[in-house]
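Read the structure below first, then the notes.
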Amino acid sequence: MIKVKIDGKIVEIERGKRIFELVSDRKFFAARVNGDLSDLSTEITEDCEVDLLDFSSDAGREVYWHSASHIMAMAVKQLFPGAKLAIGPAIDQGFYYDFDLNRPFSPEDLSRIEQRMQQIIGQDIPFERLPTKKTDAIDMFEKNGESYKVQLLNEIEDDEITLYRNGEFVDLCRGPHVGCTGNIGAFKLLSLAGAYWRGDVKQPMLQRIYGIAYPTPDELNDYLKKIEEAKQRDHRKLGADLELFSIFEEAGAGLVYWHPKGATLRRLIEEYWTQEHIAAGYQINMTPHIARGHLWQQSGHYDFYRDNMYLLPVENEEYVLKPMNCPGHILIYKSKVRSYRELPLKYAELGTVYRKELSGTLHGLLRVRGLTIDDAHIFCQPEQIVEELAKVLILAKKFLNRFGFHDFRIELSVRDPMEKTKYLGTDEEWERAETGLIAALENVGTEYTRMEGEAVFYGPKIDIKLIDALGRPWQATTIQFDFNLPRRFDIEYMDRDGKHKQVVVIHRAIYGSLERFIGCLIEHYAGSFPVWLAPVQVVVMPITDKETRYAEQVLQRCRKQGLRAEINNKSEKINYRIREVESSKVPYMLILGQREVVDKAISLRKHKEGNLGQMKLKDFFDLVASEQGGEN
RNA sequence: GCCUGGAUAGCUCAGUCGGUUAGAGCACGUCCUUGGUAAGGACGAGGCCGCCGGUUCGAUUCCGGCUCCAGGCUCCA
């Protein structure tokens with residue numbers, strides 16, 4: 001007999017029993033045995049601790065979705081025997097499987113595959129784990145023409161691998177899986193997409209099918225409903241509905257036209273930025289949109305960024321529409337000899353740059369070709385690095401919190417220690433920069449994820465990512481070391497010992513790009529901006545024409561108070577106009593009828609909350625003033 | 001750039017198995033209505049059916065190319 005701790009209780013069982021024999025609840029479909037993920041069919045051979053997994057845990061969901069992807073692959077192989085299998089993992093939300101097939105899948109194929117999957121689930125076929133010698137597995141997959149599986153196997157170092165089998169269908173897989181195909185309750189295939197084998201552009205393009213699965217149809221429907229709701233807060237839809245911005249086909253993809261309301265929003269965001277940066281010791285400069293090609297040769301952009309640059313002929317020379325602001329800031333820095341007493345010198349600019357982005361990558365405001373970076377370059381001495389980085393991090397947090405972002409992902413990207421030659425700069429510089437970044441992160445006491453090998457070739461960096469309505473991360477804040485430009489431009493300062501020394505250059509942007517930031521902001525607030533950001537803060541509405549004069553007076557007082565106010569006195573019933581303004585997400589409405597005229601008051605209605613009753617206009621001003629600061 | 005799908009009024013969407021004047025709701029305009037906290041009524045205007053080419057007596061519809069869009073891949077702020 002052996003002892004097993006399961007579900008908090010210790011039971012004694014015979015050696016060789018399988019985990020499922022100890023479980024009565026069918027909601028459990030996998031387990032951790034002493035921490036290792038295992039199938040429920042695993043035989044227990046020694047004392048151990050077993051944690052049962054259901055759909056409520058991350059690990060459980062992964063097993064569940066991964067199993068669903070096997071079922072999908074099985075269905076595809078049955079319907080399309082010529083399809084070659086690539087890989088089919090679980091992802092954040094669901095699963096996918098990549099296939100190589102000589103003809104494209106059509107949406108109709110997806111429903112055929114779904115039906116076949118349903119049959120396979122109905123047959124309740126067990127998932128069998130088959131430990132196999134690697135060479136045998138290679139022989140088998142070669143015989144079946146599964147060249148991708150053979151490639152994968154050749155890269156596995158162990159001599160023994162595991163296969164999983166459902167009936168006739170066998171796949172290379174580490175597992176674990178649910179017990180039987182019948183464990184999968186409800187699923188749906190969501191979309192078709194192309195994906196390069198190994199994510200490499202030079203490799204063949206495979207066909208990827210995305211899907212999702214849940215234990216019950218209700219949960220599946222909730223998920224699908226949530227996706228639909230998320231689409232309602234898509235910044236592209238809200239941008240049009242709220243008249244914030246447009247992107248015109250006839251004017252070019254990836255180029256944003258800000259309508260007055262969007263421009264107001266952007267101006268407020270810029271004003272806040274300017275004020276905070278001046279307070280934080282930055283000096284604001286401005287640089288032109290084009291510069292001679294020579295400058296970009298010196299900076300190295302001609303070598304490593306050429307494909308992304310717009311080149312312009314000017315007389316006999318080539319000019320470049322700037323893709324970055326750095327060379328301009330460096331020229332200003334270098335316009336005279338700098339003393340160590342001036343450092344750190346911090347130049348900031350809301351610099352609009354243009355980049356040739358591939359058409360397929362463009363996405364509303366989140367990925368564009370003309371973008372405004374809230375760029376700054378910090379020129380400092382090596383010993384000032386940690387303090388300056390910490391200040392940037394604190395400033396970034398202040399900004400993000402101010403805009404109501406509290407949930408974001410911070411990533412530290414360092415170089416790949418295996419491939420040091422890919423990067424510019426000395427070991428010493430990298431060491432100093434990476435420890436500086438880590439020290440700053442720790443000083444500020446912030447959690448972060450270390451991304452090995454994700455650094456840019458010219459230096460390590462810290463990025464902060466915001467999440468859009470569909471949960472996709474978008475890089476906003478970035479803080480990057482640069483070992484390239486100081487060298488290429490010979491950027492120096494005179495130290496107290498009278499010697500010229502090379503400065504350290506740190507690039508940083510907090511919003512990242514105004515366009516992307518505003519895109520995320522629109523989705524974050526679902527278009528209902530806090531008062532300090534709302535393009536229109538208050539709409540004044542006389543109930544009948546008799547109150548129009550009074551309403552005009554109230555409007556003027558609001559404007560005099562500095563509020564962004566409008567009047568809506570069109571010939572519609574008050575209910576109609578309330579609905580109209582409510583759906584335009586304006587924070588406040590002032591409703592004015594005879595009672596208000598007589599009482600010299602206003603009746604206040606707040607967006608999403610409804611009627612707040614009568615009050616003096618001055619009290620409304622106080623109320624707005626108390627909210628103006630927004631979140632902090 | 002690559003893969004799959006798409007593009008009909010300002011928006012959301014019908015429709016045309018290739019055939020006279022392509023429809024609806026919302027939005028917009030005029031008029032009626034002056035209504036107290038989420039849609040009052042009548043009438044009206046609004047379409048190179050994304051662009052270019054081909055097939056055809058005839059193309060918004062079929063075919064090809066292009067542009068743009070959606071979701072991915074790659075890339076990145």
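Heavy atoms only: backbone and side chains are in, while hydrogens, waters and symmetry mates are out. These numbers were taken from a predicted model, which means no experiment stands behind them. Note on naming: letters A, B, ... go to the chains in the order of the sequence lines (proteins, then strands), and numbering restarts at 1 for each one.
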Pairwise P distance, B:G36 and B:C69 [rounded to whole Å] = 47 Å
Is any side-chain nitrogen or oxygen of A:R516 closer than 4.0 Å to OP1 or OP2 of B:C76?
-> no
Any strand is fair game: report the nucleotide pairing with B:G46 by Watson-Crick or G-U wobble, both distances under 3.5 Å, or none.
-> none
Base, sugar-phosphate, or nothing: which does A:Y196 touch, judged by heavy atoms less than 4.0 Å apart?
-> base
If pairing means Watson-Crick or G-U wobble with both distances under 3.5 Å, then the partner of B:G18 is none
Ignoring hydrogens and angles, are the base of B:U34 and the side chain of A:D545 linked by a donor-acceptor pair under 3.5 Å?
-> yes
Under 4.0 Å between any heavy atoms, over every strand shown, what does A:G593 touch: base, sugar-phosphate, or nothing? Just pick one.
-> base
Report yes or no: is the cationic atom of A:R402 (NZ for Lys, CZ for Arg) closer than 6.0 Å to the six-membered ring centre of A:Y272, at no more than 45° off its axis?
-> yes
For A:E609, answer base if it contacts any base atom (sugar-phosphate contacts may also be present), sugar-phosphate if it contacts only those atoms, and nothing otherwise; contact means non-hydrogen atoms under 4.0 Å.
-> nothing
Return the nucleotide paired to B:C31: Watson-Crick means purine N1 to pyrimidine N3 with N6-O4 or O6-N4, wobble means G-U with N1-O2 and O6-N3, both under 3.5 Å.
-> B:G41
Using Watson-Crick or G-U wobble geometry with both distances below 3.5 Å, tell me the partner of B:G5, or none.
-> B:C69
Any sub-3.5 Å donor-acceptor pair from A:K188's side-chain atoms to A:L220's backbone N or O?
-> no
Between A:Q207 and A:Y97, is any side-chain donor less than 3.5 angstrom from a side-chain acceptor?
-> no
Compare side-chain N and O positions of A:R236 against OP1 and OP2 of B:G71 and report whether any pair is under 4.0 Å apart.
-> yes
Just to confirm, is there a sub-4.0 Å distance from OP1 or OP2 of B:G71 to any side-chain nitrogen or oxygen of A:H363?
-> yes
Quick one: look up who B:A59 pairs with, Watson-Crick or G-U, both distances under 3.5 Å, and put none if it's unpaired.
-> none
Sugar-phosphate, base or nothing in reach of A:N611, heavy atoms under 4.0 Å = base
Could you tell me whether A:F517 contacts a base, only the sugar-phosphate backbone, or nothing, with contacts defined as non-hydrogen atoms closer than 4.0 Å?
-> nothing
For A:A476, which contact category applies under a 4.0 Å heavy-atom criterion: base, sugar-phosphate, or nothing?
-> sugar-phosphate
Report which part of the nucleic acid A:K570 touches: base, sugar-phosphate, or nothing (heavy-atom distance under 4.0 Å, all strands).
-> sugar-phosphate
Applying a 3.5 Å limit to both distances, which nucleotide forms a Watson-Crick or G-U wobble pair with B:C13?
-> B:G23
Grab the CG-C1' distance between A:N575 and B:U34 for me, whole Å please.
-> 13 Å
Under 4.0 angstrom, heavy atoms only, what part of the nucleic acid is A:S571 near: base, sugar-phosphate, or nothing?
-> base
Would you say the base of B:A38 and the side-chain of A:R605 have a donor-acceptor pair closer than 3.5 Å?
-> yes
Any side-chain donor-acceptor pair under 3.5 Å between A:T287 and A:H329?
-> no
